[in-house]
Amino acid sequence: MHLLLSRRLYADGVLTCTKHIWQWELKTGSPMGEAEKPLMQYPIKREGDTVWIDFERELTYEYDV
């Protein structure tokens, strides 16, 4: 599923999946409420004002394969 972040999906540091209504705390990726899995995150590296995101592999949950 590919969704763009918007104010409806992200508020007060919490990301909400509109498909499952699962929620995660974005700072840590920790699940909140009914979320069954932690939020997967791509590795990042900050260099000054630049943020590098490592997209070498797609992140998938076991049941998505």
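Numbers here are sequence positions counted from 1. Computed from a predicted model, the values in this text were never measured in an experiment.
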### Query
According to the interplanar angle, ranging from 0 to 90°, do the rings of W22 and W24 count as parallel (below 30°), tilted (30 to 60°) or perpendicular (above 60°)?
perpendicular

Kindly list each side-chain donor-acceptor pair under 3.5 angstrom involving residues 40-49, sequence neighbours excluded, with atom names and distances?
residue : atom : partner : partner atom : Å
K45     : NZ   : E47     : OE2          : 3.2
E47     : OE1  : W52     : NE1          : 3.2

### Task
Spell out, as yes or no, whether a donor-acceptor pair under 3.5 Å connects the side chain of D12 to the backbone of V14.
no

### Query
Any idea which heavy atoms bring P31 and P38 closest together, and the distance?
CD-CA, 3.8 Å

### Query
If you group Ile, Leu, Val, Met, Phe, Trp and Tyr by side-chain heavy-atom gaps below 4.5 Å, do V51 and F55 land in one group?
yes

### Query
If every non-hydrogen atom of E25 is compared with every non-hydrogen atom of M32, which pair is closest and at what distance?
N-SD, 3.7 Å

